[in-house]
Protein chains: 2
Amino acid sequence: MRELDIGEVSRRSGVSASALRYYEEIGLIRPIGRRGLRRQYDEAVLERLALVALGRAAGFSLEEIASIFAQGRPRIDRARLAARADELDATIRTLAAMRDGLRHAAACRAPSHLECPTFRRLMRAAVAGAFEPVMAAPSRAAPKRSRARKRA
Amino acid sequence: MRELDIGEVSRRSGVSASALRYYEEIGLIRPIGRRGLRRQYDEAVLERLALVALGRAAGFSLEEIASIFAQGRPRIDRARLAARADELDATIRTLAAMRDGLRHAAACRAPSHLECPTFRRLMRAAVAGAFEPVMAAPSRAAPKRSRARKRA
DNA sequence: GCTTGACCTCAAGTCGACTTGAAGTCGTAC
DNA sequence: GTACGACTTCAAGTCGACTTGAGGTCAAGC
């Protein structure tokens with residue numbers, strides 16, 4: 001079982017050394033030991049990092065990913081995956097609506113966009129918050145969007 | 001032409017008063033005057049805020065939106081809209097791939113996800129960065145992703 | 001005259017995921 | 001023996017879009 005130092009892990013995983021130290025700090029990974037000061041990693045860390053990369057790509061926060069690893073072996077919850085898939089589906093539909101609206105506006109021949117009914121409809125939808133949950137990755141943890149109450 | 005104070009603009013636009021002040025600071029909106037200390041707005045600000053909301057929803061940063069308003073009348077560039085639509089399309093395809101992968105993984109009967117070929121393929125794709133440009137809204141302005149160089 | 005409430009300014013704080021910088025420790029090569 | 005390069009620690013900085021807090025102003029109503 002070869003031991004890897006942080007530089008090699010970084011090269012092979014595409015994750016910077018500083019990020020690896022950060023991941024360790026938040027409990028995502030752990031070196032198998034030290035040689036002098038230097039962290040030594042097991043090759044298995046690469047698999048774990050791949051899982052982290054996948055989790056991030058799927059929109060999970062590092063904290064959520066850490067919780068998956070929490071009790072020893074990675075415990076991947078199928079229901080959670082399905083839920084995330086559903087969220088992605090909703091996001092995709094919203095983005096598709098936006099894309100179609102943008103395409104129309106790009107093609108529209110109205111003298112000003114403000115006179116294009118489709119464009120105005122999009123504007124109204126945006127104000128109404130129709131696009132708000134876009135990329136509602138639990139990660140973004142919306143900074144207390146108090147969303148000024150409509151009519152007190 | 002009725003004058004609105006910041007509270008009413010907030011109520012009618014769904015944008016908090018502090019956010020309105022912030023928007024003013026970065027040059028996105030401007031009151032038509034003051035009454036005492038209080039900002040007074042023209043109703044036209046509501047339209048502008050709707051445009052801001054739409055721009056945000058489409059993934060533009062406030063800075064980019066401000067540049068649209070820069071020279072007097074909003075100058076919406078059709079090519080820009082089309083480009084953003086194309087980006088959204090790419091994002092949608094990526095998200096769809098992720099969604100399908102997650103759904104498969106959720107349904108997969110392999111004893112461990114690590115033994116599921118589909119799941120492993122997803123992991124490899126994530127490491128390779130296949131999902132990185134997801135939601136590549138120019139807004140996110142990737143904080144110098146130096147992306148640890150593969151093999152120096 | 002005093003309270004209330006809605007506004008004001010300005011500086012500082014928040015969120016997540018890192019990066020950067022300063023200062024120090026090693027092993028190896030010259 | 002000393003320079004180099006790769007590592008180490010720890011605190012602080014970064015990004016965007018705001019929010020929060022302290023302390024102040026002002027008109028209206030009691």
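Throughout, a chain's letter reflects where its sequence line sits, starting with A, and its residues are numbered from 1. We use all heavy atoms of the structure for the numbers below, so side chains are in, but hydrogens, waters and symmetry mates are not. On a predicted model such as this, the values are computed, not experimentally measured, just so you know.
- Going from atom CD of A:E25 over to atom C1' of D:dT9 covers 11 Å, rounded to whole Å.
- When each of C:dC18, D:dT20, C:dT19 is scored by its nearest atom to the side-chain atoms of A:S18, the top-ranked nucleotide is C:dT19.
- For the side-chain hydrogen bond (donor to acceptor under 3.5 Å, both in side chains) test, residues two or more places apart in sequence or in another chain that qualify with B:T118 are B:H104.
- Residue A:I26 is the one, among A:L37 and A:I26, whose nearest nucleotide of DNA chain C lies closer to the 5' end (criterion: closest heavy atom).
- Going from atom CG of A:L20 over to atom C1' of C:dT19 covers 13 Å, rounded to whole Å.
- Looking at residues two or more places apart in sequence or on another chain, you find a salt bridge (charged side-chain N to carboxylate O under 4.0 Å, His left out) between A:R120 and B:E47.
- Here ring-ring contact (aromatic ring centres under 6.0 Å, His included) pairs that include residues 4-59 of chain B, with residues two or more places apart or in two chains, number zero.
- In this structure, B:S61 does not reach the D:dG16 phosphate: none of its side-chain N or O atoms is under 4.0 Å from OP1 or OP2.
- At the heavy-atom level, A:R34 lies under 4.0 Å from the strands shown only through sugar-phosphate atoms.
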Distances under 3.5 Å only, N/O to N/O: pair up the protein atoms with those of nucleotides 2-6 of chain C.
unit_1: C:dA6; atom_1: N3; unit_2: B:R38; atom_2: NH2; d: 2.7

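- Under the side-chain hydrogen bond (donor to acceptor under 3.5 Å, both in side chains) criterion, A:D86 pairs with B:R103, sequence neighbours left out.
- Every residue meeting the side-chain contact (heavy atoms from CB on, under 4.5 Å) condition with A:L122, not counting sequence neighbours, appears here in chain and number order: A:F131, B:L54.
- A search for salt bridge (charged side-chain N to carboxylate O under 4.0 Å, His left out) contacts involving B:R93 returns B:D89, not counting sequence neighbours.
- Remark on the helix from C:dG1-D:dC30 to C:dC30-D:dG1: inter-end axis angle 40°, axes from five-pair C1' superpositions, rounded to 10°.
- Between the C1' atom of D:dT20 and the CZ atom of B:R21 lies a distance of 12 Å, rounded to the nearest Å.
- Contacts of B:H113 classified as ring pair (Phe, Tyr, Trp, His ring centres under 6.0 Å), with partners at least two apart in sequence or in another chain: B:F119.
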